[in-house]
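Since the structure comes first, as structure tokens, the remarks are kept for the end.
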Amino acid sequence: MPELPEVEVVRRGLERHVAGRTIRSAEVLHPRAVRRHLPGPDDFAARLAGRTVDVPRRRGKYLWLPLTGPGSASGADADADAGEALLAHLGMSGQLLVGDPGRAPQKHLRVRIVFDDGGHDLRFVDQRTFGHLMLTGLVPDAFAPPPEQAKAAPVPEPIAHIAADPLEDAFDDEAFYRALRRRRTGVKRALLDQSLISGVGNIYADEALWRARLHWARPTETLTRAEVRRLLEAARQVMAAALAVGGTSFDSLYVNVNGESGYFERSLEVYGRRDEPCRRCGSPIRRDAFMNRSSYSCPKCQPRPRRARY
DNA sequence: CGTAGGTCCTGCTTGC
DNA sequence: TGCAAGCAGGACCTAC
């Protein structure tokens, strides 16, 4: 499942293979892939033609390709000043692949973008269709620190509510701590709330909680500064480590978004390790049902709080 | 308003 | 063996 590290690997691949190139045409093979582009698939394709791709950007699990060149926003559009972008979310199974335009279409090919240089094309392949692409305007970044807010890079309008991710300079540790103290929920639910902290999904949430020795149902309003500091440090460490390993396939022509944690899978401490020994204390890892999914934790290192929140 | 739960989607795994 | 239920889960939507 692509979370922050996997999406960053994709972003770097796109920077290498797609940035600076001009789109000749786009083709939508499955309308659901652009369902959030409200003007529809035809508008999506028409507006991409002739645009040039700028350096790809990312926030949390979203990535976008800023677009320059002709055919930009329609006249009086208020967003036109800050520009437009092709916004992508990979969902559960989405992949952005770069390769020979003549290769056979993938089984779950949803969108194909070809470039006017006749080189490698860009394909959005998505089995479970939780991912999507859309064209959107850019707006000022409300999460940028106030001093630099005016000159901070703009963000796609539909994700203006998505918080900064913990690997960004814009992420405010103290503000995150205060937000947690105001919340009345469990710490894992808060970690998965992209309006509080972005980029963390089910896998890295479990990994970060294990490293920080916190139980997933711990009420957020009882967390101490030291615990939140530990949690953020753990999240940053585990995602940086995953990114470092996922980066091994940069040189591959294909933009690697195999998801499934790639090479990092072998480094997971708790996720998917039900009944296997905790690497710290040897206790069998437990699996709890949580939000219609799974939570993995060590019963000894991460004792359940007396008051639990789900 | 904040929080919690349902929903979308396909393919692999599990159980009868 | 075959079929059906279970499972995977990010983010939006709705309900309380």
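We name chains A, B, ... by the order of the sequence lines, and we start the count at 1 in each one. Quick caveat, the model's predicted, so the values are computed rather than measured.
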When you look at K61(A) and E8(A), which way does the salt bridge (charged side-chain N to carboxylate O under 4.0 Å, His left out) test go after all the steps?
CA-CA 8 Å; K61(A) 303 169 202 170; E8(A) 175 60 16; over 6 Å; no

Rounded to whole Å, please give me the gap between CE in M92(A) and P in dA8(C).
10 Å

Check whether W210(A) forms a cation-pi arrangement with R280(A) (NZ or CZ under 6.0 Å from the six-membered ring centre, at most 45° off the ring normal).
yes

From CG of D206(A) across to C1' of dA8(C) the rounded distance in Å is 13 Å

Rounded to the nearest angstrom, tell me the gap between atom CG in N202(A) and atom P in dA11(C).
12 Å

Atom NE2 of H161(A) and atom P of dG2(B) are separated, to the nearest Å, by 14 Å

Among residues 189-196 of chain A, which ones have heavy-atom contacts with DNA chain C below 4.0 Å?
Q194(A)

In this structure, how many angstroms lie between the P atom of dG10(C) and the CD1 atom of I162(A), rounded?
13 Å

In sequence, state the C-alpha distance, the side-chain angles, and the governing distance for R51(A) and E84(A), and then conclude on salt bridge (charged side-chain N to carboxylate O under 4.0 Å, His left out).
CA-CA 10 Å; R51(A) 309 301 298 279; E84(A) 273 193 318; 2.8 Å; yes

Check: C298(A) main-chain N/O paired with Q302(A) side-chain donor or acceptor under 3.5 Å:
yes

Check: protein-nucleotides 8-11 of chain B nitrogen or oxygen pairs below 3.5 Å:
| residue | atom | partner | partner atom | Å |
| --- | --- | --- | --- | --- |
| dG11(B) | OP1 | K107(A) | NZ | 3.4 |
| dG11(B) | OP1 | H108(A) | NE2 | 3.1 |
| dG11(B) | O4' | Q127(A) | OE1 | 3.3 |

Using modelled atom types only, decide if a donor and an acceptor are shared between the side chain of E157(A) and the backbone of G137(A) within a distance under 3.5 Å.
no

Which residues share a side-chain contact (heavy atoms from CB on, under 4.5 Å) with R182(A), sequence neighbours left out:
R178(A), A179(A)

Atom CZ of R184(A) to atom P of dA4(B): distance rounded to whole Å?
11 Å

Rounding to a whole Å, what distance do you find between R36(A):CZ and dA11(C):P?
10 Å

Phosphate-side-chain proximity, H89(A) and dA11(C), N/O vs OP1/OP2 below 4.0 Å
yes

Within the structure provided, determine whether I197(A) and L232(A) are in side-chain contact (heavy-atom separation under 4.5 Å).
yes

For dT3(B), does OP1 or OP2 lie under 4.0 Å from any side-chain N or O of R183(A)?
yes

Quick one: L63(A) CG to dG10(C) P, roughly how many Å, whole number?
16 Å

More than 12 foreign heavy atoms under 6.0 Å from CG of D117(A): is that the case here?
yes

Whether R110(A) engages the ring of F124(A) as a cation-pi pair (distance to the six-membered ring centre under 6.0 angstrom, angle to the ring normal within 45°) should be assessed.
no

Partner of D173(A) under salt bridge (charged side-chain N to carboxylate O under 4.0 Å, His left out), chosen from R230(A), R225(A), R236(A):
R236(A)

Within residues 285-296 of chain A, find the residues that approach DNA chain C with a heavy atom at under 4.0 Å, and present them sorted by residue number.
R287(A), R293(A), S294(A)

Do F143(A) and V139(A) sit in one hydrophobic cluster, given that two such residues count as connected whenever their side-chain heavy atoms are within less than 4.5 Å of each other, even indirectly?
no

Find the bend of the helix from dG2(B)-dC16(C) to dC16(B)-dG2(C) as the angle between its two terminal axes (five pairs each), to the nearest 10°.
60°

Do any pairs count as a ring-ring contact (aromatic ring centres under 6.0 Å, His included) and have a residue in residues 280-310 of chain A, sequence neighbours left out, and if so which ones?
W216(A)-F290(A), W216(A)-Y310(A), Y271(A)-Y296(A)

Same cluster for V114(A) and L122(A) if Ile/Leu/Val/Met/Phe/Trp/Tyr side chains link at under 4.5 Å?
no

Min side-chain heavy-atom separation Q237(A)-E207(A) under 4.5 Å
no

